[in-house]
Number of protein chains: 2
Amino acid sequence: MHTKEKIKRESTELFATLGYEGTSMANIAERVGIKKPSLYAHYKNKEALFLDLVMDMSLDYVTFIKDSLGQGNVSIEKQLYQAFITYVHDWTQDNPANQFYSRFLQYPPQQLAEPLKEMLSESERKVRALFSDVMKEGQEQGALTMELDSETMAYTYFALIEGLVTEVVFYSPEEISKQAEKSWSVYWRGIRA
Amino acid sequence: MHTKEKIKRESTELFATLGYEGTSMANIAERVGIKKPSLYAHYKNKEALFLDLVMDMSLDYVTFIKDSLGQGNVSIEKQLYQAFITYVHDWTQDNPANQFYSRFLQYPPQQLAEPLKEMLSESERKVRALFSDVMKEGQEQGALTMELDSETMAYTYFALIEGLVTEVVFYSPEEISKQAEKSWSVYWRGIRA
DNA sequence: GTCTATAAGAAGATAGAC
DNA sequence: GTCTATCTTCTTATAGAC
C-alpha cells in the first residue's frame, strides 16, 4: 500500500497549489509515477481521493494545535505566545498539508462544500474550545483582564493568527514571523490584566 | 457596450464562487444570455476577461478604503473604529466584487499569479501606507502608545481584519460583525496610549 | 495493481455566415 | 456583435488484458 501513500502525498501538494479543478488525475498520476487508470484501483474517483485527504487534514489539525499549546506548567503568557508563534510559523512555511487545509476550508469545490464543511467545522470547534479554556484559566489566575470575556479573547486570538498567515501573499514567512512577534505584543497588551 | 458590462458583472460572480478553473466560458455566456462564441467579440480569451476584472477590483479597493476611513475631523479612535467595522461588514456581505478580490489575492490561477500579484500589491501598499500615517498621527496626538511603532499597529490592524473576515467560513456576517466589535476592544486596548 | 486502449463529454477557441 | 458549426485538446472514467 505504499502507492496509496504516495498518491496522497503528491495529490495533497497538487491540490494545495493548483486547486481542485486545476489538478487533473493525469497530473497526479504523473507525479506518482503510474498511469492515470491505476489511480482508480486506489480510489473510486477524484472526489473520493479528495475527501480522503480532507479527513486526514482535520485529524492532523487538532493534533498539531494540541502539540503547539504544549504543557500547562508554564505561564499563560508563555503558553499563548508559544502557540501563537508556532502556529504562524508552521502555517506560513511551505507545508502542503497546511496549505491544503487553509485553501479548501475557505474555498471548497462547490459540489463538495457540504461534506467538507461538516468535517472541518468540528475540528475548529474543538480547537477553539481548547483555547477558550486557556483564557478562562488565565483570568482565574489573574493574568488576563476581566473586562473581556474568554471567548472574545480566544476568537480574536484566532482571527489575528489567521490574518497574519494570510499575509504570505505579500511577505515572506520570515517577515511574517518577525511581524507576528510585534502583533503579539499588541494582542498581549489588549488582553493582559 | 451594455453586453460587456453584463459579462463583467456575471463573470465576477461566477469566478468568485466557482474559482477560475471552475468557471467555464459556456457558463458565463449562459448567465449573460448570449452564446459562447459571442464572448470572444468582447475579450480575446478567458485570461483577458479575468485580468480585466482584476484591474477593476484593484482600483475599486483603494477607493473603498479611502471612503471607509472618512474625514479626519473625528478622533483617531473613532476613525479607526469606523473603518474597522465598515471593512469587516462590507467584506463579509455577499458582495461578489469583494469575494473575487479576496479569493484571487490569496489563490490566483497559477499561470496568472505574476501579473495579478503585481496589480494587487500596489493597491495594498497604498492602503497600508494610508493607515500607517493615521497611526503616526495618533501617536503625535498622544492617543496611541509610543511603545509600538506605527507600522506594527497598521499591520496588526489589517491582519486582524483579514482574520475576522476569514471567519465567514464558520459564522454568519451578523455574528462576525458582533465579534468585530469585541475584537476591536482587544485591539484598541493594545494600541491606545 | 498496473497497464493499453478507448469511450464520452466538456473545455477553450476559431471560421465564416448574417 | 451575434450566431451555427466545428476543431482540438483535455477531462474523468471504464473495459479488459496481464
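Just so you know, these numbers come straight off a predicted model, no measurement behind them. Atom set for the values below is all heavy atoms of this structure, side chains included, hydrogens, waters and symmetry mates excluded. Here is how names work: the chains are called A, B, and so on, in the same order as the sequence lines, proteins then strands, and each is numbered from 1.
- Less than 4.0 Å separates DNA chain D from at least one heavy atom of each of the following residues of residues 13-36 of chain B: B:I34, B:K35.
- On the nucleic acid side, DNA chain D has its first and last nucleotide under 4.0 Å of a heavy atom of chain B at D:dG1 to D:dA5, going 5' to 3'.
- Evaluation of the salt bridge (charged side-chain N to carboxylate O under 4.0 Å, His left out) rule for B:R189 yields A:E147 as partners, not counting sequence neighbours.
- More than 12 heavy atoms of other residues, nucleotides or ligands shown are found within 6.0 angstrom of CD on A:E181.
- In this structure, the side-chain contact (heavy atoms from CB on, under 4.5 Å) partners of A:S185, at least two apart in sequence or on a different chain, are B:L148.
- Residues A:D149 and A:T152 bring a donor and an acceptor atom of their side chains to less than 3.5 Å of each other.
- Residues B:Y61 and B:W91 place their aromatic rings such that the two centres sit under 6.0 Å apart.
- Between A:K4 and A:E10, none of the side-chain N atoms (NZ, or NE/NH1/NH2) sits under 4.0 Å from a carboxylate O, so this pair counts as no salt bridge.
- For the contact set between residues 48-56 of chain B and DNA chain C, defined by any heavy atom under 4.0 Å, there are no members.
- Checked against the 6.0 Å centroid criterion, the rings of A:F104 and A:F50 qualify as a close aromatic pair.
- Dense packing is recorded around CG of A:D67, with more than 12 heavy atoms of other residues, nucleotides or ligands lying under 6.0 Å away.
- None of A:F170, A:Y171, A:W184 except one satisfies the ring pair (Phe, Tyr, Trp, His ring centres under 6.0 Å) rule with B:Y155; the exception is A:Y171.
- Among residues two or more places apart in sequence or in another chain, the salt bridge (charged side-chain N to carboxylate O under 4.0 Å, His left out) test is passed with A:D56 by A:K8.
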